[in-house]
Peer 1: 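Here it is, the structure in full.
Positions are given from 1, in the same order as the sequence printed here. Just so it is clear, the model here is predicted, and its values are computed rather than measured. Hydrogens, waters and symmetry mates play no part in the numbers below; they use all other heavy atoms, side chains included. Atoms within each ligand, like the ligands themselves, are counted from 1 in listed order.
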Amino acid sequence: MNDSVTRLINPQRRLEDEYNSLRPPLYDSVAFDFESSRDIQLAFEGRKNAFAYSRVNNPTVAELEKRIQDLSGSIGVIALSSGMAAISNAVLALAGSGTNGVIARTLFGNSVSLFRETLGPWGFESRFVDMTDPAAVETAIDENTRFIFLEIISNPQMEVADIREIVDAGNRRGVPVILDGTLTTPYIFNAKAAGVALEIISGTKYISGGATSTGGLILDYGNFDWGLNPLMKKWSQSFGPMALLVRLRREVFRNIGACLAPHNAWLQILGLETLGLRIDRSCENAMAVSKWLTENNKVSRVDYPGLKNSEYHSISIKQFGNRFGGILSFDLKDRETAFRFMDSLQLIRRATNLNDNKSLILHPCTTIFSEYSKDECDEMGVRDSMVRLSVGIESYKDLISDIKQALEKI
Ligand code: PLP
């Protein structure tokens, strides 16, 4: 089975089920029974593979993790309650007070807030840099740098860095790359081949299959020697390449408690079956809509890496082939015009999610980035005139008609 759509629908490994159910069983249970006290002791000590308590692991959640592992070629996966839970768990396992991270200056607003507002008071330093400048990334690294963090296509700026070059810069200094691959997923971008250490995905988006549930994933590609991190030394000596996943499962992830509900894992397994079809369709739609937008004189700027005139087009072709994701941003005259345009849309919904089956529009400056001043937004490349469109799987002709009638009203 070479075709990835076929593989997504017919995964190699399936949860054992005595009735041969074609849908995976849903184990919506908190705890699991043991034959003996000795067995439960061995399970707690990690000497016996068993499900004990669903905050730590659960058969339905494990099935989702296995399927993501097969899809991505990673050495292991941990599924969590949201994308933000995945980012914070990974970061808390690797960094601490007195350490720093080299972080993209263009990121999803809540990730910016996590690094600046939430982790700052714990003594963690965020060094925001331009990821399209690998030399600047390398310069920002010092002996206390614990990771480099960036998004595969930044949300909402649509910036695309050369991941291989960032990985190489990190490798020269012994620093792993954590990539937020939410906008592409392993279906579009092969993070393992690019040398990425950890990939983070918000399962809430493409994977959930139409905004059915929130979820997050940490994928370890086995590309980094965790023993280089002082916090990980002991774990690395015992567990080698599995050190980070084991430490998360037995300590950080277990203790923070941001586990994925079994029902949400079950929904996301179903979502995975149609992942390829939905991604293909939304990418085709986003391409058609962005091309149309570039020809409209009321639109002053369109940012989509699939456009030939995008400064990120050639690196995007190299990294993604012919699929450039389902998100694009464009600019109108100013905020008032953007609001009038959004309020005139009849098909496209005003909502804050992305990679839903439905097309969704948002004004980033007054929503996701509303906690930041105008200067801070400018610094992050979030303009007041910008709207972000998450293109769904409707007919692109209907989407363009809706955009056209709304533009006529501004
Ligand atoms: N990463 C990116 C690029 C996102 O756009 C989002 C949410 O929009 C997240 C992470 C966080 O995901 P979640 O909402 O599942 O916590």
Peer 1: For atom 14 (O) of ligand 1, which protein heavy atom lies nearest, and how many Å away is it?
Peer 2: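 Checking every protein heavy atom, the shortest distance to atom 14 (O) of ligand 1 gives K205 NZ, 3.8 Å.
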Peer 1: Could you grab the distance from atom CD1 of I68 to atom CG of L219, nearest 0.5 Å is fine?
Peer 2: 6.5 Å
Peer 1: Can you report which non-hydrogen protein atom sits closest to atom 13 (P) of ligand 1, along with the distance?
Peer 2: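 Residue, atom and distance for the closest contact: G83 N, 3.4 Å.
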Peer 1: Would you say the side-chain atoms of Q157 and S154 include a donor-acceptor pair closer than 3.5 Å?
Peer 2: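 The answer is yes; a qualifying pair exists.
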Peer 1: Suppose I only count heavy atoms of S82 and a 4.0 Å limit; which atoms of ligand 1 are within that range?
Peer 2: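 Ligand 1 atoms under the 4.0 Å threshold to S82: 15 (O), 16 (O).
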Peer 1: Can a donor-acceptor pair be found, under 3.5 Å and without considering hydrogens, that links the side chain of N285 to the backbone of S395?
Peer 2: no
Peer 1: Give the ring-plane orientation class for F341 versus F330, where under 30° counts as parallel, over 60° as perpendicular and anything between as tilted.
Peer 2: perpendicular
Peer 1: Hey, is ligand 1 close enough to A85 that some N/O pair sits below 3.5 Å?
Peer 2: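 Between A85 and ligand 1, no N or O pair is found under 3.5 Å apart.
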Peer 1: Report yes or no: does a heavy atom of G215 sit under 4.0 Å from some atom of ligand 1?
Peer 2: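 Yes, that is the case, since the closest heavy atom of the residue is under 4.0 Å from the ligand.
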Peer 1: Where is the nearest protein heavy atom to atom 15 (O) of ligand 1: which residue, which atom, and how far?
Peer 2: T204 OG1, 2.5 Å
Peer 1: Identify the closest protein heavy atom to atom 10 (C) of ligand 1: which residue and atom is it, and at what distance?
Peer 2: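 Protein heavy atom with the smallest distance to atom 10 (C) of ligand 1: D180 OD2, 3.4 Å.
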Peer 1: Can you confirm, on distance only, whether ligand 1 has an N/O atom lying under 3.5 Å from any N/O atom belonging to S202?
Peer 2: yes
Peer 1: Classify the angle between the aromatic ring planes of F124 and F147 as parallel (below 30°), tilted (30 to 60°) or perpendicular (above 60°).
Peer 2: parallel
Peer 1: If I compare all heavy atoms of R335 with all of D384, which pair ends up nearest, and what's the gap?
Peer 2: NE-OD1, 3.0 Å
Peer 1: Going by distance only, is there an N or O of M84 that falls short of 3.5 Å from an N or O of ligand 1?
Peer 2: yes
Peer 1: How about F324 and Y312: are their ring centres within less than 6.0 Å of each other?
Peer 2: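 So the answer is no for these two rings.
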Peer 1: With respect to N155, determine whether any N or O atom, backbone or side chain, lies less than 3.5 Å from an N or O atom of ligand 1.
Peer 2: yes
Peer 1: For K333, give me all partners under side-chain contact (heavy atoms from CB on, under 4.5 Å), at least two apart in sequence or on another chain.
Peer 2: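 Result, side-chain contact (heavy atoms from CB on, under 4.5 Å) vs K333: T337.
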Peer 1: Is the contact between T182 and ligand 1 made by the side chain, the backbone, both, or neither, using heavy atoms and a 4.0 Å cut-off?
Peer 2: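 The answer is the side chain of T182.
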